[in-house]
Amino acid sequence: MKRKYWYLIVILVVVVGLLLPLVLRAQPPDERVPPLPPYPGSDVERPPLPPEQRPTPTPNHIEAQSLPKVTPPVIPTVEMIDTAPDVSRWDKYEIVIQRGKSGKKVYILVPVGVELEDVLNEHLNPAEGDKVLVVAPAVGKGKLDFIESMEKGQ
Amino acid sequence: MLKKLKFIFVLLVLFLVPSVSHAQEEQLYNEFVVVDFPVSNTTVNTAGDYRIEMVAVAKPATETGSDAVINWLGLYAGSSSPTFNAFMHAGLYVTSDGVQWFAAAAPYQNTAPPVVCLAGTEVWPNPSGLTTGCLSDVGDLGINVNTWIRLQIVTYGNGFWIVRIANPGTQTKIDVARIYNPNTYLTVSKIVMEESWYGTAPGQNPWYPANFYDVDFKYRRDFYWAQWPSNIGGNYGSNNIRENSYSGADVCPAHYGVNNYVQGNPYLWYMGTGGSKCSGLLYTGGGPATEATSIVGEYSGKFMSSENGQTCILTNRTWPGPWEEWNVIHLGINVRAYRGNNAKYITRRSTNDLWAEAADTGSNNARFDYVEIQSLVFRLRNKGNGLYVDHYNGLACTSADKGTFNNQTVFRYVAF
C-alpha cells in the first residue's frame, strides 16, 4: 500500500514537472493577453489615422542656422547615487537633480517600482533650491541584447 | 525502493523550484517591431546624412520610471569592433507624461562613444560616470502627441555625428546632440518601435498602446534627398519587417505590427498596436528615381512652393515641407523640368505665371533652360517664351517674364 502511494506521488510530480514549463509559456490567449478591441469588419484594433501634413505656412523671418563646432570637448563625469547597488542597472531609472547651492547635477539611480516621491523626499531639498531636471526611464537589458544583435545583422 | 523514490522526488523538487522562480522574475523587458533598411547600396552607406519624419499619435498610461513606448532610428556607423562604439539612435519616448525626444549611443556602455548634449539633459551614465544619451523635457520644441518631427542624423566628417530635430509645425530646428563617432560608413540602419515594461514575463505585459507613423526615410545624394531603396531586401533576404521579444512573447501580429502603404503612400507606414504586417518588404521603390530637392531664391532665402497646384507658384517659404520639394527632370543638355509633390510639372500660363499643373513635359511651357551661374546656382529660362523666371521675392507669382537679369532671377538647389 505504502509503495503504491509513493508511486502515485512520483508519477504526479513527474507529470507536473513536465507540464509546468509548458503551462507557464503557453497560457490561454485570453489570460495572457487582453483582447484587442474590435473594429468594424475585423478582429484587430484599427490604428488611428496619421495627422495630416499641413502646407508650410508663410513665415516672416529667416531661420538662423548654427554651424557645428569641430573641437571635441572634454566631457566631465557625473556624480551618481545608487540607492540599490544589488539591483541590475538595467532595472533602475534615474532622477537627475540639480543642486541649488552648487549647481551640480546628481544622478539618483532608483529601482523600478520604488516611488518617485519617496526618493525625492529623501534626496531633494527644495529649500536649498534643488530641482529635478528630468526623470530618465530605465532602459532594460533586452535593449542591449537587441542593439548587439543589430550589429550582427539579426 | 522507497529511498530511491524519495531521492528522485527531492531531485525533481530541486530542479523545478529554480526554473519556476526564474520564469516569475520581475524585471524590465523590451519588445520590438523592426523595419530593417538595407545598406548595401554604396550611395546610401556613404551618404553620411539621413532623415526621417515621425509622429506619436497617442500616449499610453504607463508607470513612472520604466514603462514607455518608443519610436527610434538606429544606425551603426563604422567597424563592428568593438561593438558598441558604432551605435547611435534617436527618436521619440512616449509615456503617460507625454512625448520626449532622445538621442543616445548604447545606453550605460563604457565602450559607447562620447555624447555631448546640445539640448535636453545628459542621461543614462555608464559605470564610469559618462553619460550616454540626451533626453528632453516633455513637450520640448513643442513636440507632443500628433506633432510630426523631422529627425536627422548627419556627419560632416569632422569626427562626430549630429542629431538634429525639427518641428516643422513651428519651424524650429536645432542640433540636440553630438555623438563622437569618426566613422562615416553606415553598416546598419533600422526603424524600431519598442515597448519597455516592468513585470513578470510573459503574463504581465500590459501591451501599452503604441501608435507611431513614420514617413520619408531618406538619404542625401549631392543636393538631393532620395527615398531609401527598400526593394533589395536588406539583411533578411526578401524580408525587412520583423519582430523581436526579450520576454519571449509573440509580439506580432498579436499586439504590435506594421501597416505599410498607408494612404497609398509607399513611404508612409505605421508601427504599433493593431499593425498586422510582421514580415515581408515595407515597400518597393526608392533610390535615385525619388531624388528631390528644394529650390530657394539665392538672395531672398525663400523656398519655392508648388502650392499643391492650387494657386500660382510662390517663392516665399522659409521652411521646405513636402510642397517645397521638387524632382528635377533632365530633358537634355541644360534643359530641365520640375515635378512637384502633386505629381504635376511646373508650366507657364498665358499670363506668364508659373503653376504646378502640367501632366507631362511635352509642352515647351513646361521646359526650362538651365543657365548655370555656379554649381547649384542658376537661372531658369522658359522654353515657351524665352524669358527668365523671376520670383518677385515671394510677393507675387513666380513668373517667366523677364528679358534681363536681376537678383530675383537667381535660384539655388538646397537639400534642406
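Below, read A as the first sequence line, B as the second, and so on, with proteins coming before strands; counting in each chain starts at 1.
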>> Counting only non-hydrogen atoms closer than 4.5 Å, does A:Val96 touch chain B with its backbone (N, CA, C, O), its side chain (CB onward), both, or neither?
In response: side chain
>> Before you tell me yes or no, could you show the steps for B:Trp197 and B:Glu31 under side-chain hydrogen bond (donor to acceptor under 3.5 Å, both in side chains), namely the whole-Å CA-CA distance, both residues' side-chain angles and the distance that decides it to 0.1 Å?
In response: CA-CA 9 Å; B:Trp197 62 280; B:Glu31 323 287 4; 2.9 Å; yes
>> Is it the case that the ring center of B:Trp148 lies less than 6.0 angstrom away from the ring center of B:Tyr213?
In response: no
>> If only side-chain N and O atoms count, and only distance matters, is there a donor-acceptor pair under 3.5 Å linking B:Asn259 with B:Ser276?
In response: yes
>> I'd like to verify something: which residue of A:Leu133, A:Thr77, A:Asp82 has the highest number of heavy-atom pairs under 4.5 Å with chain B?
In response: A:Thr77
> Side chain, backbone, both or neither: which part of B:Ser247 has an atom under 4.5 Å from a heavy atom of chain A?
Replying inline: neither
> Who among B:Thr121, B:Asn126, B:Leu118, B:Val34 has the most heavy-atom pairs with chain A under 4.5 Å?
Replying inline: B:Thr121
> Where on B:Glu194 is there a heavy atom nearer than 4.5 Å to chain A: the side chain, the backbone, both, or neither?
Replying inline: side chain
>> Would you call the rings of B:Phe32 and B:Trp72 parallel, tilted or perpendicular, taking 30° and 60° as the class edges?
In response: perpendicular
> Where on B:Trp269 is there a heavy atom nearer than 4.5 Å to chain A: the side chain, the backbone, both, or neither?
Replying inline: neither
> With respect to A:Val110, which candidate in A:Ile95, A:Leu120, A:Leu116 satisfies the side chain to side chain contact (heavy atoms under 4.5 Å, CB included) definition?
Replying inline: A:Ile95
>> Pair B:Gln100, A:Val134 - check side-chain contact (heavy atoms from CB on, under 4.5 Å), show working.
In response: CA-CA 10 Å; B:Gln100 295 161 279; A:Val134 76; 3.9 Å; yes
>> For B:Tyr76 and B:Phe87, take the angle between the two ring planes, folded into 0 to 90°, and tell me which bin it lands in: parallel under 30, tilted 30 to 60, perpendicular over 60.
In response: tilted
> Can you say whether B:Asn341 sits under 4.5 Å from chain A via the side chain, the backbone, both, or neither, judging by heavy atoms?
Replying inline: neither
> chain A heavy atoms under 4.5 Å from B:Phe212: which part of the residue, side chain, backbone, both or neither?
Replying inline: neither
> Which answer fits A:Pro111, side chain, backbone, both or neither, if we ask what part of it has an atom under 4.5 Å from a heavy atom of chain B?
Replying inline: neither
> Heavy-atom distance under 4.5 Å to chain A: side chain of B:Ser305, backbone, both or neither?
Replying inline: neither
> Which atoms of B:Val192 come close to chain A, meaning under 4.5 Å heavy atom to heavy atom: side chain ones, backbone ones, both, or neither?
Replying inline: side chain
> Taking NZ, NE, NH1 and NH2 as the nitrogens, is one of them in A:Glu94 or A:Arg89 under 4.0 Å from a carboxylate oxygen of the other?
Replying inline: yes
